[in-house]
S.K.: 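Following this message is one structure expressed as structure tokens.
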Amino acid sequence: MANKTLICAQVFLLTSLLSLVLGHKVVNSEQYPLVVSTWPFVEAVRAAWRAVDGGVSAVDAVVEGCSACEELRCDGTVGPGGSPDENGETTIDALIMDAVTMEVGAVAAMRYVKDGIKAARLVMQYTGHTLLVGEKASVFAISMGLPGPANLSSTESIEKWTKWKQNHCQPNFWKNVVPVNSCGPYHGKDFAKLRHKTCSGASVLESMGSSLPQIGVNNHDTISMAVIDKLGHIAVGTSTNGATFKIPGRVGDGPIPGSSAYADNEVGACGATGDGDIMMRFLPCYQVVESMRLGMDPRLAANDAISRIARKFPDFVGAIFAINKNGVHAGACYGWTFQYSVRSPEMDDVKVFTVHPDSVIGDS
């Protein structure tokens, strides 16, 4: 028994020394592991928790969690079978980030491959790049062993697209174009005016307006997940099939480091969801992590990042969760009620936290 105790002590000492050499602090095992995710994606958090509680790395646990969400088609907006673009096709955006090495792998507008988070990890593992896009991302992923090519559409997504086409492709993401209330082809206002002057009898200028679709949980969503493993190492990941009826080729904030997710082992992590076309202009998760680096607690950091966007775009909707390296977490949102999921050692199961816009937004 004494020998066994001595061996355990030696192993712990060796682990501590290795961590010091690598620049990592040995953390209290009662504090970690920890899994945090956008939305009540409970099964995804459970999958990540099983992995990280079993001793795998934070990166591996993020892959497990996001993969579970892709397989379950969380909210119809993660993984294959949802959010058709204007051509009725579903494409995938995903990202993974190792907060120890600051390496990132991402794919965007990826066709024919359903495993977004696994493809992103392959980019991080086997290339010196950060982001691969489109059909070439699909070719890469398949060449590295992922299943494909596959049809990413589903009965539900095709039915949704068909009804949208019958409604003259309304609403859509075009603006300042003519003709409106149709499925195109579209032309910019200036081009249409020129045609009107040179082509007698042209009637394309009947209307110039077009209302953009409202972003919400039913037509646009992202799983953004952060994991802290038993060594205190952090990783983040995202996966989404983007905005419903997006213009083909559109890439949202999901695969953009610093926008949908960001992490630094010395500070903490952040995950975001919402109107990616707006949010990616502000890199809110990078802002959150840097604010925490300067001493802000997670709640204030999240609130500050959201408030910066809201001041410029008062009609946007979005949300953020923030978590510091000590495991303290918080959420902030604007334009909708936000929920995020957490699993920690003191919990018997995943707990869902609800954040209301008026509970966090204020003067920063």
S.K.: Decide whether Asn172 and Tyr186 meet the rule of one side-chain donor and one side-chain acceptor closer than 3.5 Å.
M.R.: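 Side chains of Asn172 and Tyr186: pair found under 3.5 Å.
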
S.K.: With ring pair (Phe, Tyr, Trp, His ring centres under 6.0 Å) as the rule and sequence neighbours excluded, what pairs involving residues 239-267 come up?
M.R.: Trp164-Phe245, Tyr262-Tyr286

S.K.: Do the side-chain N and O atoms of Trp174 and Glu86 include a donor-acceptor pair separated by under 3.5 angstrom?
M.R.: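 Trp174 vs Glu86: donor-acceptor pair found between side chains.
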
S.K.: Between Pro255 and Thr238, is any pair of side-chain heavy atoms under 4.5 Å apart?
M.R.: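 Pro255 does not reach Thr238 side chain to side chain.
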
S.K.: Quick one: do Glu156 and Lys160 make a salt bridge, cutoff under 4.0 Å?
M.R.: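 Salt bridge absent between Glu156 and Lys160.
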
S.K.: Excluding sequence neighbours, so at least two apart, what forms ring-ring contact (aromatic ring centres under 6.0 Å, His included) with Tyr112?
M.R.: none

S.K.: Could you list the residues that satisfy side-chain contact (heavy atoms from CB on, under 4.5 Å) with Ala68, not counting sequence neighbours?
M.R.: Ala47

S.K.: By salt bridge (Lys or Arg N to Asp or Glu O under 4.0 Å), which residues pair with Glu71, not counting sequence neighbours?
M.R.: none

S.K.: Identify the two heavy atoms, one from Ile117 and one from Glu70, that lie closest to each other, and give their separation to 0.1 Å.
M.R.: N-OE2, 2.9 Å

S.K.: Taking atom CG of Asn303 and atom CZ of Arg308, what is their separation to the nearest 0.5 Å?
M.R.: 11.0 Å

S.K.: Would you confirm whether Ser83, through its side chain, and Gly242, through its main-chain N or O, come within 3.5 Å as a donor-acceptor pair?
M.R.: yes

S.K.: When you measure from the side chain of Asn326 to the backbone of Val328, do you find a donor-acceptor pair of N or O atoms at a distance under 3.5 Å?
M.R.: no

S.K.: Give the minimum heavy-atom separation between Ala226 and Ile323, together with the two atoms involved.
M.R.: CB-CG2, 4.3 Å

S.K.: Hey, does the side chain of Asp297 reach the backbone of Arg299 with a donor-acceptor pair shorter than 3.5 angstrom?
M.R.: yes

S.K.: Do Val36 and Tyr340 have side chains that approach each other closer than 4.5 Å (heavy atoms only, starting at C-beta)?
M.R.: yes

S.K.: Hey, does the side chain of Ser154 reach the backbone of Gly81 with a donor-acceptor pair shorter than 3.5 angstrom?
M.R.: yes

S.K.: Donor-acceptor pair, distance only, cut-off 3.5 Å: does the side chain of Asp75 make one with the backbone of Thr77?
M.R.: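 No, Asp75 side chain to Thr77 backbone: no donor-acceptor pair under 3.5 Å.
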
S.K.: Taking all atoms of both residues into account, what is the closest heavy-atom pair of Ser291 and Ala301, and its distance?
M.R.: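 Heavy atoms only, the tightest pair is CB-CB, 3.9 Å.
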
S.K.: Is the side chain of Thr273 donor-acceptor paired with the backbone N or O of Ala319 at a distance under 3.5 Å, no angle test?
M.R.: no

S.K.: So which heavy atom on Ile309 is nearest to which on Pro284, and how close?
M.R.: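 Closest approach of Ile309 to Pro284: CD1-CB, 4.2 Å.
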
S.K.: Taking side chain as C-beta onward, heavy atoms only, is Met102 less than 4.5 Å from Asp264?
M.R.: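 Side chain of Met102 against side chain of Asp264, heavy atoms only: contact under 4.5 Å found.
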
S.K.: Mind listing the closest non-hydrogen atom pair of Pro357 and Tyr334 along with its distance?
M.R.: CB-CA, 4.4 Å

S.K.: Determine whether the aromatic ring centres of Phe338 and His356 lie less than 6.0 Å apart.
M.R.: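 Centroid separation for Phe338 and His356: 6.0 Å or greater.
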
S.K.: Under the salt bridge (charged side-chain N to carboxylate O under 4.0 Å, His left out) definition, can you give me all pairs with a residue in residues 278-292, not counting sequence neighbours?
M.R.: Glu290-Arg293

S.K.: Quick one: side-chain hydrogen bond (donor to acceptor under 3.5 Å, both in side chains) partners of Gln125, sequence neighbours excluded?
M.R.: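 With neighbours one apart ignored, the set is empty.
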
S.K.: Would the distance check show the side chain of Asp93 and the main-chain N or O of Ala108 forming a donor-acceptor pair, the cut-off being under 3.5 Å?
M.R.: no

S.K.: Would you say Asp115's side chain and Ala119's backbone share a donor-acceptor pair under 3.5 angstrom?
M.R.: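 Between the backbone of Ala119 and the side chain of Asp115 there is no qualifying donor-acceptor contact (under 3.5 Å).
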
S.K.: Who clusters with Ile142? Use side-chain heavy atoms, under 4.5 angstrom, across I, L, V, M, F, W and Y, and order the result by chain and number.
M.R.: Ile92, Val107, Met110, Val113, Leu122, Val123, Tyr126, Leu132, Phe140, Met144, Leu146, Leu152

S.K.: Can a donor-acceptor pair be found, under 3.5 Å and without considering hydrogens, that links the side chain of Ser341 to the backbone of Trp39?
M.R.: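 Present.
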
S.K.: To check you understand the geometry: which heavy-atom pair defines the closest contact between Pro345 and Gln31, and what is its length?
M.R.: CD-O, 3.7 Å

S.K.: Below 4.5 Å, heavy atoms only, C-beta onward: do His329 and Asn324 meet side chain to side chain?
M.R.: no

S.K.: Please tell me if the side chains of Ser67 and Lys118 come closer than 4.5 Å, counting only heavy atoms from C-beta onward.
M.R.: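 Sidechains of Lys118 and Ser67: in contact.
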
S.K.: Counting C-beta onward and ignoring hydrogens, is there a side-chain heavy-atom pair between Val59 and Ile96 closer than 4.5 Å?
M.R.: yes

S.K.: Examine distances only and state if a side-chain atom of Asn87 and a backbone atom of Glu89 form a donor-acceptor pair shorter than 3.5 Å.
M.R.: no

S.K.: Please list, chain by chain and in numerical order, all residues satisfying salt bridge (Lys or Arg N to Asp or Glu O under 4.0 Å) with Asp98, sequence neighbours excluded.
M.R.: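 Listed in chain order: nothing, the list is empty.
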
S.K.: Show every side chain to side chain donor-acceptor pair (under 3.5 Å) that has at least one partner inside residues 127-148, sequence neighbours left out.
M.R.: Arg111-Glu135

S.K.: Looking at Glu266, I want to see if its CD is surrounded by more than 12 non-hydrogen atoms of other residues, nucleotides or ligands under 6.0 Å.
M.R.: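 No.
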
S.K.: Who pairs with Arg121 by salt bridge (Lys or Arg N to Asp or Glu O under 4.0 Å), at least two apart in sequence or on another chain?
M.R.: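 If we apply the salt bridge (Lys or Arg N to Asp or Glu O under 4.0 Å) test to Arg121, skipping adjacent residues, the hits are Asp60.
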
S.K.: Does some side-chain heavy atom of Ser239 sit less than 4.5 Å from a side-chain heavy atom of Thr222?
M.R.: no

S.K.: What pairs of residues pass the disulfide bond (SG atoms under 2.5 Å apart) test when at least one of them lies in residues 85-147, not counting sequence neighbours?
M.R.: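 Those involving residues 85-147 do not exist here.
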
S.K.: Would you please name every residue forming a salt bridge (Lys or Arg N to Asp or Glu O under 4.0 Å) with Asp349, sequence neighbours left out?
M.R.: Arg46

S.K.: Decide yes or no for Val227 and Ile234: does some side-chain heavy atom of the first lie under 4.5 Å from some side-chain heavy atom of the second?
M.R.: no

